[in-house]
Amino acid sequence: MLAVIRFILIILALMFICIISIFYCLIRPFHRDNVYHTARFLGKIPKLMGVEVEVRIPESVKNIGPVVWLANHQNSYDLFTHANAVLPGTVSVGKKSLKWIPFFGQMYWLTGNILIDRNNTNKAMNTIELTADKIKNDKLSIWMFPEGTRSRGRGLLPLKTGAFRTAMRAGVPIVPVCASNQHGTIQLNRWDNGKIIIEFLEPLYIENTGRENLRKTVHQVHELMKNKIEQLSVEAAAYHNK
């Protein structure tokens with residue numbers, strides 16, 4: 001019964017936030033901080049799920065300016081948990097088809113996120129250049145999920161190179177954003193679902209080097225994120241078991 005009530009409340013809250021955001025964005029469509037302001041409200045929804053979200057941001061990341069954020073993508077709850085970590089001047093990259101989802105799609109578009117056609121290889125290849133231009137011209141930071149899909153409890157999946165190439169082309173650093181495991185730990189029929197810890201790692205600057213060096217960098221970042229996620233997951237689990 002608790003799960004049903006929570007599910008209904010989450011859907012209603014999401015719809016309400018989307019509608020309010022749409023009207024707000026009509027006043028200043030595609031503004032660089034629309035995503036940030038909307039995320040502040042989406043980040044309240046975990047409370048309905050019995051989840052506490054702790055965000056850790058090192059001083060080296062605060063006020064860093066344009067950057068490519070690399071976050072691990074676990075499941076649909078990321079929309080609400082990761083929202084607590086979104087900083088001003090940040091937009092994300094999503095599928096063009098999202099635009100047609102009632103309320104959410106219109107909100108996602110009007111807040112200024114970048115929509116791409118993943119079914120068109122040529123357009124997908126141009127996405128890196130388009131996104132890099134957005135970073136440089138509009139002084140934006142880009143939130144990306146370099147795994148390319150939800151991991152759904154499989155651990156950190158291999159990272160694709162697109163986000164890294166985008167950072168190189170734009171001449172900005174990457175910052176890994178690691179969230180503790182939430183797959184299977186959030187159960188809507190349980191009153192207390194513990195804590196999710198999200199931690200920003202130190203900025204990394206990628207030199208515009210060859211393919212082999214790029215793949216080596218991607219592998220190093222994967223290991224860095226994997227180890228941090230495991231560490232945060234142990235810490236979050238210990239908090240829940242207190």
Side-chain angles (χ1 to χ4, degrees), residues 25 28-39 57-58 60-73 78-79 82-83 85-99 105 107-149 156-178 200-222 224-225:
C25 291
R28 53 175 209 175
F30 315 116
H31 189 278
R32 67 191 309 275
D33 286 335
N34 282 351
V35 173
Y36 167 70
H37 290 301
T38 300
I57 308 176
S60 58
V61 172
K62 295 177 181 177
N63 304 314
I64 192 175
V67 66
V68 174
W69 312 109
L70 305 182
N72 58 312
H73 197 8
D78 288 335
L79 173 64
H82 281 273
V86 173
L87 298 179
T90 297
V91 300
S92 68
V93 177
K95 295 181 294 184
K96 191 175 182 179
S97 58
L98 290 174
K99 187 176 179 179
M107 176 274 290
Y108 190 83
W109 173 56
L110 285 169
T111 47
N113 293 293
I114 301 171
L115 297 171
I116 62 171
D117 186 356
R118 288 185 178 173
N119 294 323
N120 187 313
T121 304
N122 292 330
K123 288 184 178 180
M125 292 297 290
N126 291 334
T127 298
I128 293 175
E129 186 173 348
L130 169 66
T131 306
D133 288 343
K134 282 276 188 181
I135 295 173
K136 291 186 288 187
N137 298 335
D138 299 335
K139 307 300 181 185
L140 291 172
S141 292
I142 307 295
W143 190 282
M144 304 185 78
F145 293 112
E147 294 164 280
T149 188
L156 185 67
L157 302 179
L159 307 183
K160 299 181 182 299
T161 61
F164 296 82
R165 294 181 187 277
T166 299
M168 284 195 300
R169 184 175 288 271
V172 299
I174 62 169
V175 174
V177 183
C178 301
F200 290 70
L201 305 188
E202 295 295 328
L204 299 168
Y205 292 84
I206 307 174
E207 295 182 4
N208 195 355
T209 55
R211 179 178 298 181
E212 287 303 315
N213 285 333
L214 175 60
R215 292 190 181 281
K216 182 179 179 181
T217 300
V218 172
H219 176 73
Q220 290 173 339
V221 172
H222 183 276
L224 190 67
M225 291 181 68

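The figures that follow rest on heavy atoms only: side chains count, while hydrogens, waters and symmetry mates do not.
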K.L.:
If you measure from CD1 on Ile114 to CH2 on Trp109, what distance do you get to the nearest 0.5 Å?
P.N.:
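Ile114 atom CD1 to Trp109 atom CH2 measures 15.0 Å (nearest 0.5 Å).
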K.L.:
Are the side chains of Asn113 and Val93 in contact, using a 4.5 Å heavy-atom criterion?
P.N.:
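Contact flag for Val93/Asn113 side chains = no.
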K.L.:
With sequence neighbours left out, what residues match His222 under ring-ring contact (aromatic ring centres under 6.0 Å, His included)?
P.N.:
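Checked His222 against ring-ring contact (aromatic ring centres under 6.0 Å, His included); zero matches.
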K.L.:
Could you pull out all residues at least two apart from Arg32 that satisfy side chain to side chain donor-acceptor pair (under 3.5 Å)?
P.N.:
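Applying side chain to side chain donor-acceptor pair (under 3.5 Å) to Arg32 gives none.
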K.L.:
For the pair Trp143 and Val177, evaluate side chain to side chain contact (heavy atoms under 4.5 Å, CB included) and give the outcome as yes or no after the intermediate values.
P.N.:
CA-CA 9 Å; Trp143 190 282; Val177 183; 3.8 Å; yes
K.L.:
Not counting sequence neighbours, which residues clear side chain to side chain donor-acceptor pair (under 3.5 Å) with Trp69? List them please.
P.N.:
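Partners of Trp69 under the side chain to side chain donor-acceptor pair (under 3.5 Å) test: Thr90.
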K.L.:
How many angstroms lie between atom OH of Tyr205 and atom CD1 of Ile174, to the nearest 0.5 angstrom?
P.N.:
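If I round to the nearest 0.5 Å, the distance is 11.0 Å.
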K.L.:
Determine the minimum heavy-atom distance between His82 and Ala71, stating which atoms define it.
P.N.:
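Result for this residue pair: CE1-CB, 3.8 Å.
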K.L.:
Is the side chain of Ser141 donor-acceptor paired with the backbone N or O of Leu87 at a distance under 3.5 Å, no angle test?
P.N.:
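Pair absent, no side-chain N/O of Ser141 close to backbone of Leu87.
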K.L.:
How would you list, by chain and number, every residue that makes a side chain to side chain donor-acceptor pair (under 3.5 Å) with Ser97, sequence neighbours excluded?
P.N.:
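Once residues adjacent in sequence are excluded, Ser97 has no partner under the side chain to side chain donor-acceptor pair (under 3.5 Å) criterion.
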K.L.:
Between atom CD1 of Ile206 and atom CG of Asn213, what is the distance when rounded to the nearest 0.5 Å?
P.N.:
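The CG atom of Asn213 is 11.5 Å from CD1 of Ile206, to the nearest 0.5 Å.
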K.L.:
Only pairs at least two apart or in different chains count here, so list each salt bridge (Lys or Arg N to Asp or Glu O under 4.0 Å) that has a residue in residues 62-72.
P.N.:
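Checked against salt bridge (Lys or Arg N to Asp or Glu O under 4.0 Å) - neighbours excluded - the pairs reaching residues 62-72 are Glu59-Lys62.
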K.L.:
How far does OG of Ser60 sit from CG of Leu201, to the nearest 0.5 angstrom?
P.N.:
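Here the interatomic distance stands at 9.5 Å.
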K.L.:
Holding to side-chain contact (heavy atoms from CB on, under 4.5 Å), I want the full list of residues that pass it with Lys160, two or more places apart in sequence or in another chain.
P.N.:
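Not a single residue meets the side-chain contact (heavy atoms from CB on, under 4.5 Å) criterion with Lys160.
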K.L.:
For atom NZ of Lys136, decide whether the heavy atoms of other residues, nucleotides or ligands shown that lie under 6.0 angstrom number more than 12.
P.N.:
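It does: Lys136 NZ has more than 12 such atoms within range.
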K.L.:
What verdict does the side chain to side chain contact (heavy atoms under 4.5 Å, CB included) test give for Asn72 and Glu147, after you've listed the backbone C-alpha separation in whole Å, the side-chain angles of each residue and the deciding distance to 0.1 Å?
P.N.:
CA-CA 7 Å; Asn72 58 312; Glu147 294 164 280; 3.7 Å; yes
K.L.:
State the OG1-NZ distance between Thr127 and Lys134, to the nearest 0.5 angstrom.
P.N.:
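Answer rounded to 0.5 Å: 12.5 Å.
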K.L.:
Which heavy atom in Leu159 sits nearest to a heavy atom in Met225, and how many Å separate them?
P.N.:
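Answer, listing the atom of Leu159 first, then Met225: CD1-SD, 4.3 Å.
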K.L.:
Taking atom CG of Leu224 and atom OG1 of Thr217, what is their separation to the nearest 0.5 Å?
P.N.:
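The CG atom of Leu224 sits 12.0 Å away from the OG1 atom of Thr217.
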K.L.:
Does a sphere of radius 6.0 Å around CZ in Arg215 hold more than 12 heavy atoms from other residues, nucleotides or ligands, not counting ones at 6.0 Å or beyond?
P.N.:
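Counting neighbours around CZ of Arg215, 12 or fewer heavy atoms of other residues, nucleotides or ligands fall under 6.0 Å, so no.
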K.L.:
Residues in side-chain contact (heavy atoms from CB on, under 4.5 Å) with Pro66, at least two apart?
P.N.:
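With neighbours one apart ignored, the set is Ile135, Lys139, Val172.
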K.L.:
Check whether any side-chain heavy atom of His31 sits under 4.5 Å from a side-chain heavy atom of Cys25, and report yes or no.
P.N.:
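Not touching, per the 4.5 Å side-chain cut-off.
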K.L.:
Return the set of residues passing side chain to side chain donor-acceptor pair (under 3.5 Å) with Thr166 (not counting sequence neighbours), or none when no residue passes.
P.N.:
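Thr166 satisfies side chain to side chain donor-acceptor pair (under 3.5 Å) with no residue once adjacent residues are dropped.
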K.L.:
List the residues meeting ring-ring contact (aromatic ring centres under 6.0 Å, His included) with Tyr108, not counting sequence neighbours, and say none if there are none.
P.N.:
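Tyr108 satisfies ring-ring contact (aromatic ring centres under 6.0 Å, His included) with Phe104 only.
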K.L.:
Hey, does Pro203 have a side-chain heavy atom less than 4.5 Å from the side chain of Val67?
P.N.:
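With C-beta onward as the side chain, the pair stays apart.
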K.L.:
Of all heavy-atom pairs between Thr111 and Val35, which one has the smallest distance, and what is that distance?
P.N.:
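So the two residues come closest at O-CG2, 3.5 Å.
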K.L.:
Can you list the residues that meet the side-chain contact (heavy atoms from CB on, under 4.5 Å) rule with Pro88, with sequence neighbours excluded?
P.N.:
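Residues passing side-chain contact (heavy atoms from CB on, under 4.5 Å) with Pro88: Asp33, Tyr36.
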K.L.:
Judged by atom type as modelled, is there a donor-acceptor pair below 3.5 Å linking the side chain of His73 to the main-chain atoms of Leu156?
P.N.:
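Here the side-chain-to-backbone pair does not exist.
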K.L.:
Under the side-chain contact (heavy atoms from CB on, under 4.5 Å) test, which residues partner Ala83, sequence neighbours left out?
P.N.:
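Once residues adjacent in sequence are excluded, the partners of Ala83 under the side-chain contact (heavy atoms from CB on, under 4.5 Å) criterion are Ala39, Leu42.
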K.L.:
Is a side-chain donor or acceptor of Asn137 paired with a backbone partner of Asp133 at a separation under 3.5 angstrom?
P.N.:
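Yes; judged by distance alone, with no hydrogens or angles, the pair exists.
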K.L.:
Decide yes or no on side chain to side chain contact (heavy atoms under 4.5 Å, CB included) for Val175 and Val68, but give the supporting numbers first.
P.N.:
CA-CA 6 Å; Val175 174; Val68 174; over 6 Å; no
